[in-house]
Amino acid sequence: MHNYYEILGVDQSADAHSIRAAFKRLAMAYHPDRNAGDKRAEEIFKTVNEAYHTLSDPLKKARYDARLNPSYNLSPEEWNRMVRRKYYTPRPAKQSYYVVDKEYFRIQALTFLVFIVIAGFCFALLNTAQYFFEQKRLKHYEANRKTLQQAGSLFSSGRFDDAFTLMNNLSEKQPLEYLVYFTRDSLVGELRELANERFEAKEFSSAVGLFLILKKYEQPVTYQTIRQISMCQYHLGNFKEALQGMKELHQQFPNNIELTYSIAITDLDKLDNPKEALLYFTLAKNRFSDKMHSLYGPSFKLIMDPAETPDVYYDLFYGRARTNMTLQNYKEAVSDCNWAIFLRPGRGEPYRIRATSSVELKKFGTVCSDIRMAKKLGVTDIAVLERMYCR
């Protein structure tokens, strides 16, 4: 059995301070962090630690001394005194009590008087602060009201930018003033109504100016505003500006087939840009395929009822066929015509384009039948093809 005193290198009569100092010295020498991988140092440290935790506790030390030296024995009184010193906290031997006399009432009255004075002072201070705060608030409110009246006058006189600039400056200075935001939203609503009235009256030049101002101050800019700007520009013959608005909407709604078709047909018919038109027609075609696939599955052409499809699907295939024929992609033009005829078999133009493309591909098998069908459905500029290939 190890002798804990010998392990720590102290006498049995050593006090708690000496035991702690001996432990710290040995711990510094044999701690595992200082002796990485040294098993012997690790075992010595464990023994030193065990010895310290035994000898540093008075009860454990007393028991250990009794085992180590049978002649060493504590009397019952010494043992009880040691236990009480470890586990019990001494309590006050005597409690004091207040004596209620004249001095007590005098102190209480004085305390109450001081409290009343301090409370009155605080109350007066709070009311004074509230008064000045209220005066400042009323001053700000009056100044804001005058500014907003000025903004309303500017708006009424048609100086819309000046009115909104004035309100924006005010909201930057006082971002928590609800009256500014309320007035600003009201003027934005009035401007939107005025722009729509001009649009309905087909005053497109005036309407587009109002919509452009509205776009600057709407937060956020709505789909309807951008669409109305684009339509005004289209009616005014500003096709590049109209196309710019359509593309801005397309970035927000890339899956909108009608919007994609509008961009493509504007490129083709108004800006003579068939290459970009083909790009957007192809996007619309892919959206069509994805939608039909999700509705009917991979064999959607065999399942779908073409009569129930919207006209825009026919328009995009017919437009793509025209574009491919312009770019001399005759094979793609024939494929697009097949889809257009499938969707709307009662329209003649796709038959004419398919016949023309088939001639270019030197596939004459269905040329005459397409020419006759186109003529039957009212296509007028088909006579030359008929004379050349259907004698």
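Hydrogens, waters and symmetry mates play no part in the numbers below; they use all other heavy atoms, side chains included.
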Aromatic ring centroids of Phe45 and His31 under 6.0 Å?
-> yes
Ring centres under 6.0 angstrom apart (Phe253, Tyr223) = yes
In Å, rounded to the nearest 0.5 Å, how long is the span from [atom1] of [X] to [atom2] of [Y]?
X: Arg25; Y: Tyr30; atom1: CZ; atom2: OH; answer: 10.0 Å
X: Phe164; Y: Leu166; atom1: CZ; atom2: CG; answer: 11.5 Å
X: Asn329; Y: Arg320; atom1: CG; atom2: CZ; answer: 8.5 Å
X: Thr326; Y: Lys275; atom1: OG1; atom2: NZ; answer: 12.5 Å
X: Asp370; Y: Ile341; atom1: CG; atom2: CD1; answer: 6.0 Å
X: Phe155; Y: Leu148; atom1: CZ; atom2: CG; answer: 13.5 Å

Side-chain heavy-atom pair [X], [Y] within 4.5 angstrom cut-off:
X: Asp65; Y: Tyr5; answer: yes
X: Phe199; Y: Val208; answer: no
X: His250; Y: Tyr280; answer: yes
X: Phe281; Y: Ile265; answer: yes
X: Asn35; Y: Glu42; answer: no
X: Leu214; Y: Gln228; answer: no
X: Tyr52; Y: Arg20; answer: yes
X: Ile7; Y: Glu50; answer: no

List the steps, then state whether salt bridge (charged side-chain N to carboxylate O under 4.0 Å, His left out) holds for Arg352 with Glu349.
-> CA-CA 5 Å; Arg352 181 184 64 79; Glu349 284 298 325; 2.9 Å; yes
Is it true that atom [atom1] of [X] has more than 12 heavy atoms of other residues, nucleotides or ligands lying nearer than 6.0 Å?
X: Glu360; atom1: CD; value: yes
X: Lys363; atom1: NZ; value: no
X: Lys24; atom1: NZ; value: no

Using a 3.5 Å distance criterion without hydrogens, assess whether the side chain of [X] forms a donor-acceptor pair with backbone atoms of [Y].
X: Arg227; Y: Thr222; result: no
X: Tyr217; Y: Thr165; result: no
X: Ser357; Y: Arg354; result: no
X: Asp11; Y: Ser13; result: no
X: Tyr351; Y: Val379; result: no
X: Asn238; Y: Glu241; result: no
X: Ser335; Y: Lys331; result: no

Within 45° of the ring axis of Tyr318 and under 6.0 Å from its six-membered ring centre, is that where the NZ or CZ of Arg347 lies?
-> no
Glu218 bridged to Arg192 by N-O distance under 4.0 Å = yes
Is Asp57 salt-bridged to Arg63, going by a charged N under 4.0 Å from an acidic O?
-> no
Search all heavy atoms of [X] against all heavy atoms of [Y] and return the closest pair with its distance.
X: Thr260; Y: Ala284; answer: CG2-N, 3.8 Å
X: Thr128; Y: Ala124; answer: OG1-O, 2.8 Å
X: Tyr64; Y: Leu55; answer: CD2-CD2, 3.9 Å
X: Met292; Y: Met304; answer: SD-CE, 3.8 Å
X: Cys337; Y: Ile353; answer: SG-CG2, 3.5 Å
X: Leu268; Y: Gly319; answer: CD2-O, 4.0 Å

Give the C-alpha distance, both sets of side-chain angles, the deciding distance and a yes or no for side chain to side chain donor-acceptor pair (under 3.5 Å) between Arg287 and Asn256.
-> CA-CA 8 Å; Arg287 298 289 179 268; Asn256 190 315; over 6 Å; no
Within one Ile-Leu-Val-Met-Phe-Trp-Tyr cluster: Phe160 and Val221, side-chain cutoff 4.5 Å = no
Start with the C-alpha distance between Asn338 and Phe342, add both sets of side-chain angles, then the distance that settles side chain to side chain contact (heavy atoms under 4.5 Å, CB included), and finish with yes or no.
-> CA-CA 6 Å; Asn338 291 340; Phe342 170 73; over 6 Å; no
Please walk me through it: do Gln219 and Val188 pass side chain to side chain contact (heavy atoms under 4.5 Å, CB included)?
-> CA-CA 10 Å; Gln219 296 177 354; Val188 167; over 6 Å; no
